[in-house]
Amino acid sequence: MTTAQPLDVQPTPLALLLLGREADPRSERGVECPGDLPAPSDPDLVERARAAKAKLGDKVFVLGHHYQRDEVIEFADVTGDSFKLAREAAARPDAEYIVFCGVHFMAESADILTHDGQQVVLPDLAAGCSMADMATAEQVAECWDVLTEAGIADVTVPVSYMNSSADIKAFTGKHGGTICTSSNAERALNWAFEQGEKVLFLPDQHLGRNTAVRDLGMSLEDCVLYNPHKPNGGLTAEELRGAKMILWRGHCSVHGRFSLDSVNDVRERIPGVNVLVHPECRHEVVAAADHVGSTEYIIKTLEAAPAGSKWAIGTELNLVRRLANRFADEGKEIVFLDRTVCFCSTMNRIDLPHLVWALESLADGKVVNRIEVDPEVASFSKLALERMLALP
C-alpha cells in the first residue's frame, strides 16, 4: 500500500483574489486588508462594534446597503439602495467618517458627493461588483472609437447605471450623458433620446433592454449587444447605425441567474403567488413577472401587500430573507424566486469582523481603507450625477 503524496498545487490568480491576497489591476476594486481582523468566532464582536461606534459618536455615519448581512445592518444608521445611501452621506456634512457597508462603486459615489473634509471608508476593499467590473475605462473608450468610426458617436448619448465604476461615470459625464438608477432609468432614457438619436447603455444589458422595451415601447430589434471582448463589439457598422439602444454586455451575477423556468416552477409550487422581480433580471423573466421594480419598489410593494398574500421575489437573498421575517406576522408568504440559494458574494465580504476592525481603527484615530476618487474623475462623475439629479 502506497501513501498518497501531497499534490503540489499552486493557487490560481482568481483563487488568490478571492482569498484577498492579490490585486486585480483590471478590477474597479482593491483587495488588501491591512491589519489583523478579529476572529469571526469572537463572542464579543457585537459589543466591540457598539463600543467603537459609541466612542466615535457623531463623527461616524454608517451606511448599510439592503443586500448586507443582518449582523452588519444592525449597526447601520441608514439602509437603502446605492444612490440613496450616497445621497444620505452627502446630507451628513458634519460626519467626519462615512463607513460604507456596500461595495466599491457605492463608496466611490459617496466620496464624489461628499465634501473634502469627509473620509469614506469601505470595511473590505475586496467588496467589489462583478457587473461594474464588466466595463473598464479602456474598453469603453475603445467602444466609443468604434461608434465614431461608424459615424454615430455624435448622435449617441451614454447612459450609465449607478452600478459602475467612477471611471465609467466620468466617461459618461465627459460625453454629455447621465447616470441612472433602476428606479429612474425610464426618465434617464427619455432625457437621453431628447439629446440624441441613440443610447449607449452601460454596463447592465438587462436594465437597458427591459427599460427600452417594457417602458419606452421599443422592440427587441431596436437593441444590439456590444461585446467588449470581440472586435468592433461583435457588431457591424450597419447594425450599430440601425440600433436605438447599444447595450453593453454586462449583467448582475445574482439577478442574471433567475430564469423563466424559475418563474414557471414557483407558480406551479405556490398557486396564486405574485412574482416580483428586479429589472436587472433577464428580459424573459421580467416579461413573465407580475411586478417589476427597484429594490425600494420591491420593499414598498410588500409593505402595501394585503395580509395572506404570496410573493416570490427575484433579488438578492439577504434582502428577501429579511423581508420574509419582517412580514411573517402579517401572514405574507415571501420566498426566493429560485430554488438555489444565492447571495451577492462580494457584498457579503463586508462582515462583522471587517466592520469591527474599521470602527475600532477609526476610534483609535487611524483611517483605514479610505476610498478616494481622482479629482478629475470625480469632477466628470459628479457632472453626470448632477444631470441625473436634474432629470424631470
Side-chain angles (χ1 to χ4, degrees), residues 81-83 131 135 140 143-144 147 150 152-164 168-169 171-173 175-227 233 235 238-252 255-256 258 260 263 275-298 300-301 314-315 384-392:
D81 61 14
S82 58
F83 186 62
M131 181 199 296
V140 175
C143 172
W144 199 252
L147 301 187
I152 61 171
D154 58 342
V155 294
T156 301
V157 179
V159 175
S160 292
Y161 191 21
M162 191 72 179
N163 300 31
S164 58
I168 302 307
K169 290 184 176 72
F171 167 89
T172 304
H175 290 85
T178 186
I179 306 303
C180 76
T181 68
S182 53
S183 58
N184 70 4
E186 180 181 359
R187 280 184 289 153
L189 286 185
N190 279 326
W191 173 87
F193 281 113
E194 291 173 359
Q195 318 305 312
E197 299 174 12
K198 303 174 186 295
V199 165
L200 171 63
F201 195 89
L202 303 154
D204 180 25
Q205 59 169 303
H206 299 306
L207 178 62
R209 182 181 297 106
N210 290 329
T211 306
V213 175
R214 184 175 181 272
D215 299 325
L216 271 60
M218 294 184 191
S219 69
L220 290 174
E221 288 70 33
D222 290 323
C223 307
V224 294
L225 189 63
Y226 183 95
N227 185 342
L235 298 167
E238 288 73 22
E239 287 173 322
L240 288 168
R241 294 187 193 110
K244 293 182 180 178
M245 290 286 294
I246 302 167
L247 306 169
W248 192 264
R249 189 176 182 271
H251 65 275
C252 170
H255 293 107
F258 299 116
L260 186 56
V263 177
V275 177
L276 171 57
V277 303
H278 195 282
E280 289 177 19
C281 292
R282 301 177 192 179
H283 181 68
E284 59 267 26
V285 173
V286 165
D290 300 300
H291 307 273
V292 182
S294 66
T295 302
E296 294 291 338
Y297 173 87
I298 290 172
K300 290 177 181 178
T301 298
T315 194
L385 288 165
E386 287 173 343
R387 288 193 186 113
M388 180 180 72
L389 293 175
L391 289 174

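Because only heavy atoms are used, hydrogens play no part in the values below, and waters and symmetry mates are left out as well, while side chains stay in.
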Problem set entry | Qualifying residue, where the test is side chain to side chain contact (heavy atoms under 4.5 Å, CB included) with Phe201 and the options are Ile246, Thr211, Leu207 |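 Answer after filtering Ile246, Thr211, Leu207: Leu207.
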
For this session: Can you sort out the partners of His291 under ring-ring contact (aromatic ring centres under 6.0 Å, His included), two or more places apart, ordered by chain and number?
Result: Trp311

Problem set entry | Test ring-ring contact (aromatic ring centres under 6.0 Å, His included) applied to Tyr226 - qualifying residues, sequence neighbours left out | Trp248

Please examine the side chains of [Y] and [X], heavy atoms only from C-beta on, and report whether any two atoms are closer than 4.5 Å.
X      : Y      : value
Leu202 : Val140 : yes
Arg209 : Met218 : no
Leu216 : Met245 : no
Cys223 : Leu220 : no
Cys143 : Leu200 : yes
Val277 : Val263 : no
Val199 : Lys244 : no

Listed by chain and number, what are the side chain to side chain donor-acceptor pair (under 3.5 Å) partners of [X], not counting sequence neighbours?
X      : result
Asp81  : none
His251 : none
Asn227 : none

For this session: Keeping the roles fixed (side chain from Lys198, backbone from Ala243), state whether a donor-acceptor pair exists under 3.5 Å.
Result: yes

Problem set entry | Arg387 (side chain) donor-acceptor with Gly177 (main chain) under 3.5 angstrom |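 Side chain of Arg387 to backbone of Gly177, a donor-acceptor pair under 3.5 Å: yes, one is there.
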
Report the residues that fulfil side chain to side chain contact (heavy atoms under 4.5 Å, CB included) with [X], sequence neighbours left out, ordered by chain and then residue number.
X      : value
Ser294 : Ser182, Ser183, Glu296, Tyr297
Ala188 : Val159, Thr178, Cys180, Leu391
Val157 : Trp191, Ala192, Gln195

Exercise. Who are the salt bridge (charged side-chain N to carboxylate O under 4.0 Å, His left out) partners of Glu238, not counting sequence neighbours?
Worked result: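 Per chain and number, Glu238 pairs via salt bridge (charged side-chain N to carboxylate O under 4.0 Å, His left out) with Arg241.
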
I need the minimum non-hydrogen distance between [X] and [Y], along with the two atoms involved.
X      : Y      : result
Leu260 : Ala288 : CD1-CB, 3.6 Å
Asn210 : Cys281 : ND2-O, 2.9 Å
His255 : Thr315 : NE2-OG1, 2.8 Å
Pro203 : Ala135 : CB-CB, 3.8 Å

For this session: Using the salt bridge (charged side-chain N to carboxylate O under 4.0 Å, His left out) rule, collect all pairs that involve residues 277-295, keeping only residues at least two apart or in two chains.
Result: Arg267-Asp290

